[in-house]
Structure formats: structure tokens, C-alpha cells
Amino acid sequence: MEGEGERKVSSALEALLDFYISAGADGWLELDPADAFALSEAPRPAAPPQAGRMAPAGMQSAAPAAPARQMPPQSQQARSAPPMQPAPAHAPGAAGGGAAVVPGDEVVVAAREAARSAATLDELRETLARFDGCNLKLTAKSLVFADGPADARVMFVGEAPGREEDARGLPFVGRSGQLLDRMLEAIGLARGEVYITNVVPWRPPGNRTPSPQETEICKPFVLRQIELVRPKVLVFLGGASAKALTGVQDGILRLRGRWLELPLGPDAQGATIRAMATLHPAYLLRSPVQKRYAWRDFLAIKAALDEASGS
């Protein structure tokens, strides 16, 4: 019986580790918080003597063994760390030899100017590929720009690409994308008829949630996509993309199914686009019982498209 109990515990631990890995966990953290930026600026200890070289006479036993590294108290870190300097607006990241930096407000301004300069979707893709203002570009394999025709009547916007999207360079091609394809077919739409993109075009490490600053840097590019496609209906897949682009603060279960108006840029002369938020396909995979709400949303989207087409 004791061996069987140990096997059950081992199986449970393996299942827990598999869950953490599939959820995007890629490292272990200390119990106490630490300021990584302050630690990176702290003086490094002297390197130990190289192998094969003898220490000076009398020193072999004088130096005690190096103790385990202790995290400095938060107050000491704050006093020792130099003030954070904002990154330059032009090319933080790859232009500096690939080192990550903390982007400043200037990068958001540079992103807006870069997005505004693109007159077509192809130009916008090229501009975004050259843009080095978001550190997510340093860790992602691919730029996941968009998928679909430039004259699509309906446009879907998610939050950020996942592992399979990063590997293939296309949005919504994993399990969530397969479910989205079936949902589209249910209302008579093919994948090739719709335009699909994300607010953030690079996969965050470990599929973590993009930070507010990363989202703010990438937002001008997706807004420019919306202006260039000019769909009849805009659909936010999940509450994160709806909050990022409209500023609404309601949770997705309260927000879904409601029609919103998204103002376009200054060149649109006050024009708006009809928009709706619905449940993200990844959420529906975890909570299949909620598919009935998504079905209602997709029926409303179909009705709006039929109305816009005059049928």
C-alpha cells in the first residue's frame, strides 16, 4: 500500500508540473520580492581564481567559503540603484546589440508616428517589422501581423499570439483558432473572408499577459490596421483587446454582446466602427458551457453584416 501511495503522489506532482508548464510557467521565483533592475546595477563579486593557478601564499585558508547570495533589502536596493533613464525613441532593443531596455514614453510617440506613416497594410507590416520599440520582439520567433483580406467585412482582434501562432507567424492557428474557424462556419463565414489580428503582434514569453506598457506601444499599429481595413463590424475576442482599444473596464461576461462604437483616427473625419466583444475561443475551450453566449454574439454579428449588406 505504501508503494501505491507513493506512486499516486508522484503522478499528482507530475500532473501539477504539466499544468504549470502548459500554463506558461518558465521559471521559479523567490518568496521575497526583489528589484531585478537594482540587482543588475549592483557591483559584481570578484571572479574566483582560474583553475590551475595557485592563490598567493597564506591566502589558501584565509578566505572563507562564499556564502549563499542574499537578496538585498528593498530599501537598500532603492538607495543603491541609479535612477531609471527612459529609452531613446528611435530603436530601443535590437539596435543596441539585442539588449532589453525599459521603453519610455518616447517609444509610444514613435510607435504612433510610425503607424501613421503607413498608407497600406503592406507598408504597415514592413514598418512594424522594422520597429524595435517593444522588447517582446527580442524573445518572439515571428512577427504575427494578421491573416485575411484587406477588404474584409468583419475584423477580429485578440490580445496576443500564442506558441503555435509564434511558430507559424499567423494569428489564431492553434486550438483556439480551430474553434474560431468552426464558429465562423456556423454563421456562414469562411476563414478566408475575415481579417484576424491581435493587439500585440509578438508572443510574450511563456504566454504571459502583455504588460500595459507593451500593449500601449503596440496599440497604434492595430488601430492603424482597423483604419486601413475599415470593416463593417469589429469583433473583440476577449475582454483584454476590448479594454485596450476602447478603454471600457467591464469584465467580459458583462461586456459581451453589447454594441460599442470605436472612433477611427483623425483622417477618418469622425467616422466610427460598430464593434462588439465576445468570449475568447481559449476561454470557451476551458468553459464549454459558455458557448451558448458566444453563439448569441455570433448570431448578432451575422445579423449586423446582413444589415450592412442590405440583405
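Values in this document were obtained by computation on a predicted structure and should not be read as measured data. Hydrogens, waters and symmetry mates play no part in the numbers below; they use all other heavy atoms, side chains included.
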Measuring from atom [atom1] of [X] to atom [atom2] of [Y], what distance do you get when rounded to the nearest 0.5 angstrom?
| X | Y | atom1 | atom2 | value |
| --- | --- | --- | --- | --- |
| Arg203 | Leu143 | CZ | CG | 15.0 Å |
| Asp151 | Leu228 | CG | CG | 13.0 Å |
| Thr272 | Leu262 | OG1 | CG | 8.0 Å |
| Leu255 | Thr246 | CG | OG1 | 6.5 Å |
| Ile217 | Leu136 | CD1 | CG | 8.5 Å |
| Leu279 | Phe236 | CG | CZ | 14.5 Å |

Sidechain N-carboxylate O distance under 4.0 Å for Asp297, Arg256: yes
Closest heavy-atom contact between Thr215 and Ala244? CG2-CB, 3.7 Å
Is it the case that the side chain of Glu164 and the backbone of Gly162 share a donor-acceptor pair, with hydrogens and angles ignored and the cut-off at 3.5 Å? no
Under a 3.5 Å distance rule, please check whether Thr120 uses its side chain to pair with a backbone N or O of Glu123 as donor and acceptor. yes
Validation row: [X], [Y] side chains within 4.5 angstrom (heavy atoms):
| X | Y | result |
| --- | --- | --- |
| Pro161 | Pro201 | no |
| Pro149 | Glu193 | no |
| Ile273 | Pro231 | yes |
| Pro204 | Thr209 | no |
| Trp202 | Cys218 | yes |
| Leu184 | Val154 | no |

Cluster companions of Leu170 among Ile, Leu, Val, Met, Phe, Trp, Tyr (side-chain spacing under 4.5 Å): Val173
Starting from Val289, walk the hydrophobic network (Ile, Leu, Val, Met, Phe, Trp, Tyr; side-chain heavy atoms closer than 4.5 Å) and list everyone else you reach, by chain and number. none
Between Arg153 and Ser309: side-chain donor-acceptor atoms closer than 3.5 Å: yes
Looking at residues at least two apart in the chain, or sitting in another chain, which of them share a side-chain contact (heavy atoms from CB on, under 4.5 Å) with Gln225? Leu121, Leu124, Phe145, Ala146, Met155, Tyr195, Thr197, Val222
Going by salt bridge (charged side-chain N to carboxylate O under 4.0 Å, His left out), name the residues that satisfy it together with Arg191, two or more places apart in sequence or in a different chain. Asp147, Asp181
Under a 4.5 Å side-chain heavy-atom rule over Ile, Leu, Val, Met, Phe, Trp and Tyr, are Ile301 and Leu284 clustered together? yes
Decide whether Ile226 and Phe131 are clustered together by the hydrophobic rule: side chain heavy atoms of Ile, Leu, Val, Met, Phe, Trp, Tyr closer than 4.5 Å, transitively. yes
Start with the C-alpha distance between Arg274 and Glu261, add both sets of side-chain angles, then the distance that settles side chain to side chain contact (heavy atoms under 4.5 Å, CB included), and finish with yes or no. CA-CA 5 Å; Arg274 205 175 183 194; Glu261 295 291 333; 4.1 Å; yes
List the steps and the verdict of salt bridge (charged side-chain N to carboxylate O under 4.0 Å, His left out) for Lys219 and Glu214. CA-CA 9 Å; Lys219 186 167 69 173; Glu214 291 164 350; over 6 Å; no
Could you list the donor-acceptor pairs under 3.5 angstrom formed between side-chain atoms of residues 109-116 and any protein atom two or more places apart in sequence or on another chain?
residue : atom : partner : partner atom : Å
Arg116  : NH1  : Glu227  : OE1          : 3.1
Arg116  : NH1  : Asp267  : OD2          : 3.2
Arg116  : NH2  : Glu227  : OE2          : 3.3

Dump the intermediate steps for side chain to side chain contact (heavy atoms under 4.5 Å, CB included) on Ser241 and Asn198, then the final yes or no. CA-CA 8 Å; Ser241 56; Asn198 287 294; over 6 Å; no
Test ring-ring contact (aromatic ring centres under 6.0 Å, His included), reference His280, set Tyr293, Phe172, Phe156, output is Phe172
Which residue pairs pass the ring pair (Phe, Tyr, Trp, His ring centres under 6.0 Å) test when at least one of the two sits in residues 241-266, sequence neighbours left out? none
Carefully, step by step, assess Arg230 and Leu264 under the rule side chain to side chain contact (heavy atoms under 4.5 Å, CB included). CA-CA 9 Å; Arg230 196 72 68 93; Leu264 293 177; 3.2 Å; yes
Steps toward side chain to side chain contact (heavy atoms under 4.5 Å, CB included) verdict (Ile196, Leu180): CA-CA 10 Å; Ile196 307 174; Leu180 178 61; 4.0 Å; yes
